[in-house]
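Written out below as structure tokens is the structure these notes cover.
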2 protein chains.
Amino acid sequence: MVELKTLENLFLDTLKDVYFAEQKIVATLPEMEDAATNNQLKDAFAKHLAETKVHVQRLEQVFAIIGTEPEAKTCDAILGITDEGAEIMEEYEGSPALDAGLLAAAQAVEHYEMSRYGTLRTWALELGYNDAAGLLQTTLDEEQATDLALTSIATSVVNQKAEA
Amino acid sequence: MVELKTLENLFLDTLKDVYFAEQKIVATLPEMEDAATNNQLKDAFAKHLAETKVHVQRLEQVFAIIGTEPEAKTCDAILGITDEGAEIMEEYEGSPALDAGLLAAAQAVEHYEMSRYGTLRTWALELGYNDAAGLLQTTLDEEQATDLALTSIATSVVNQKAEA
């Protein structure tokens, strides 16, 4: 007999997916920081790496709240998104458009995370995990702030250079 | 000698990526509509399919504006995101949480698109393709509206059922 899966299962599956994604991002951001030529962009990647390490810890707190051990589940979406970023780093190496491409790749990552954290936050509230919802909302706020910061760098600095 | 790539190249590469993604979404939405059990959600997927077909045509107009033939380039990100959606359809078939999972998958798709269209719109303006920027902004507005509509369905209907 197949067990009927519930929102609780879906919440846990998605938590494992994002736990995998955040660890992948921790591994990828230093490569993006190295590749970037613009100093504002390098700083933004370094700052976001520090934040992302905290996001991993917050997810571990959420696992604790729901009474399970942290576990990562392969997230095909983040692998696809970061593969595209790796392709940009390779194809645009030495190009004036490299930073613009890195910014776009990073914003695709941010948007994926915003979508996942928004979903997880809503489900946590639905399931009565109010403390978990608060932690997820804090990370969501930081992802949104990072996305806005990247937009600001993109429009003010990098695109002009890419055109040169 | 390696040709130095510019923002123009990056714009075209990303346009091809999104052209691939939109076609993948046109192929996937009918499966999601079939799988959904909630009628509001089925309707939302049907409406978004009609819109997405127009998004494909708008991208073809953008290719025309920049003087090239429409061409799709494999987009690993959308393949990863839709693979996750397919996994949900399989693993949550017959489950009360299926619709919540479909909604989350669809919102991940919307967020990817919002990121790409935001980027393309900014680059189009930077490159002086003002008409293309207008078309890309129109699609971006529709993706954002779809995301909000899905959030509204998620919080009002589907999650309650998934908990039952």
Side-chain angles (χ1 to χ4, degrees), chain A residues 2-11 13-14 17 75-85 87-88 91-98 100-101 103-116 118-120 122-123 125-128 147 151 154-155 158-164, chain B residues 2-11 13-14 17 75-85 87-88 91-98 100-101 103-116 118-120 122-123 125-128 147 151 154-155 158-164:
Chain A
V2 180
E3 193 198 349
L4 208 59
K5 290 192 159 197
T6 63
L7 187 62
E8 186 88 37
N9 299 118
L10 189 59
F11 180 72
D13 281 347
T14 308
D17 171 286
C75 167
D76 292 326
I78 203 71
L79 292 177
I81 295 167
T82 53
D83 277 354
E84 289 199 349
E87 206 177 296
I88 291 285
E91 290 183 14
Y92 284 82
E93 195 187 343
S95 152
L98 175 65
L103 271 160
Q107 290 197 285
V109 170
E110 287 315 298
H111 273 268
Y112 179 71
E113 293 196 282
M114 281 152 55
S115 142
R116 286 305 185 208
T119 291
L120 282 170
T122 301
W123 290 344
L125 287 173
E126 199 63 42
L127 293 165
D147 185 55
T151 296
T155 47
V158 178
N159 294 336
Q160 277 80 352
K161 192 185 163 204
E163 254 192 315
Chain B
V2 180
E3 191 198 350
L4 208 58
K5 289 192 159 196
T6 63
L7 187 62
E8 187 88 36
N9 298 118
L10 189 58
F11 180 73
D13 281 346
T14 307
D17 171 286
C75 167
D76 292 326
I78 202 71
L79 292 178
I81 295 167
T82 53
D83 277 354
E84 289 199 348
E87 207 178 295
I88 290 284
E91 289 184 13
Y92 285 81
E93 195 187 343
S95 153
L98 174 66
L103 271 160
Q107 290 196 287
V109 170
E110 286 316 297
H111 272 270
Y112 179 71
E113 293 195 281
M114 281 152 55
S115 143
R116 287 304 186 209
T119 291
L120 282 171
T122 300
W123 290 344
L125 287 173
E126 198 65 40
L127 292 165
D147 184 56
T151 296
T155 47
V158 179
N159 293 337
Q160 277 80 354
K161 193 187 161 203
E163 255 192 313

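The figures here come from the full heavy-atom set of this structure, side chains too, leaving out hydrogens, waters and symmetry mates. Each chain gets a letter, A, B and so on, in the order its sequence line appears, and its residues count up from 1.
With rounding to the nearest 0.5 angstrom, the CH2 atom of B:W123 is 13.0 Å from the OG1 atom of A:T155. Interatomic distance, CD of B:Q107 versus CZ of A:R116, reported as 9.5 Å (0.5 Å rounding). Taking CG of B:L4 as the reference point, atom CG of A:L98 lies at 10.5 Å (rounded to 0.5 Å). Separation of atoms CD1 (A:I81) and CD1 (B:I78) is listed at 8.5 Å; rounding is to 0.5 Å.
Without hydrogens or angle criteria, B:Y112 side chain to A:A77 main chain gives no donor-acceptor distance under 3.5 Å.
Between B:D76 and A:E84, the shortest heavy-atom distance links the atoms N-OE2, 3.1 Å. Nearest heavy atoms, B:E91 versus A:D13: OE1-OD2, 4.0 Å. Nearest heavy-atom pair across B:S115 and A:A108 is OG-CA, 3.2 Å. In plain terms, the two heavy atoms of A:Y92 and B:T6 that are nearest each other are CE2-O, 4.0 Å. Closest approach of B:L7 and A:A100 over heavy atoms only: CD1-CB, 4.0 Å.
For chain B, the nearby part of A:T119 is the side chain; its heavy atoms alone come within less than 4.5 Å. For A:I88, the part lying near chain B is the side chain, with the backbone staying farther off; criterion is any non-hydrogen pair under 4.5 Å. At a 4.5 Å heavy-atom cutoff, B:E93 makes no contact with chain A through either its backbone or its side chain. Residue contact with chain B, scored on non-hydrogen atoms closer than 4.5 Å, is absent for A:L79. In this structure, chain A has heavy atoms under 4.5 Å from both the backbone and the side chain of B:N9.
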